[in-house]
Amino acid sequence: MTSSIKCIEPVFVEVIPNSLEQGKLYISLKYNAVLHLCACGCGNEVSTPLSTTQWKLFKNGNSVSLKPSIGNWSYPCKSHYFITNNEIQWAGRWGEEKIKSARKIDEQVRKRHNTRSIQKQSKQQPSKPKKKSLWAWIFGD
């Protein structure tokens with residue numbers, strides 16, 4: 001880790017800026033997007049999309065928390081940390097097997113969620129109104 005940070009400042013924006021500043025957590029609620037530069041100081045952009053199957057943002061006054069942890073497994077630094085009340089809390093390094101296992105579980109969770117969403121949407125389709133019989137049409141039954 002080059003020059004890791006201990007705190008991060010939440011910055012609420014509509015659109016994420018083109019260049020990010022170290023130590024700032026850019027949050028776009030409109031687009032359910034949160035971006036920041038890796039807390040280890042390597043300079044890589046870290047994207048944490050907000051959704052029911054990915055990250056959740058918790059606001060407490062002027063501080064924010066992002067759950068679950070941020071594991072930058074695709075970057076050379078492989079940094080792993082939590083953002084809790086604007087503080088960076090470093091977590092242990094993970095080996096390749098643990099990373100593969102976590103990715104597999106994440107994929108299963110997303111698939112299950114997508115399947116449930118599709119099933120829920122199909123149940124919510126408006127039903128076609130029943131056709132009235134000629135008898136009911138004439139006599140108001």
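- Under the 4.5 Å side-chain contact rule for hydrophobic residues, Val34 and Leu29 share a cluster.
- Looking at Phe82 and Ile70, their side chains never come closer than 4.5 Å, going by heavy atoms from C-beta outward.
- Using modelled atom types and a 3.5 Å distance limit, the side chains of Lys59 and Ser65 yield no donor-acceptor pair.
- Counting heavy atoms from C-beta outward, Leu25 and Ile83 have side chains that approach closer than 4.5 Å.
- Between the Asn86 side chain and the Val64 main chain, a donor and an acceptor come within less than 3.5 Å of each other.
- Residues His36 and Ile8 form a side-chain contact, since some pair of their non-hydrogen atoms from C-beta on lies under 4.5 Å apart.
- No side-chain heavy atom of Lys56 sits less than 4.5 Å from a side-chain heavy atom of Leu50.
- The two residues Leu20 and Leu37 make their nearest non-hydrogen contact at O-CD1, 3.5 Å.
- Proximity of Cys38 to Cys77: side-chain heavy atoms (C-beta onward) are separated by under 4.5 Å at one or more points.
- Side-chain contact between Tyr26 and Ser28 is absent, with no heavy atoms from C-beta onward closer than 4.5 Å.
- The CD atom of Glu9 lies 12.5 Å from the OG atom of Ser63; values are rounded to the nearest 0.5 Å.
- Within the 4.5 Å cutoff, the side chain of Val46 has no heavy atoms near those of the Leu35 side chain.
- Side-chain atoms of Tyr81 do not come within 3.5 Å of backbone N or O of Glu87 as any donor-acceptor pair.
- A 6.0 Å sphere centred on NZ of Lys6 holds no more than 12 heavy atoms belonging to other residues, nucleotides or ligands.
- For the pair His80 (side chain) and Gly92 (backbone), a donor-acceptor distance under 3.5 Å is present.
- Across Ser4 and Trp90, no two heavy atoms sit closer than the pair CB-CZ2, 3.6 Å.
- Looking only at distances, a side-chain donor or acceptor of Trp55 sits under 3.5 Å from a matching main-chain atom of Ser69.
- Here the closest non-hydrogen pair linking Leu66 and Thr48 is CD2-OG1, 3.4 Å.
- When all heavy atoms are compared, the tightest approach of Pro68 to Gln54 is CD-O, 3.5 Å.
- For the pair Asn60/Asn85, a side-chain contact is recorded, criterion being any heavy-atom separation below 4.5 Å from C-beta on.
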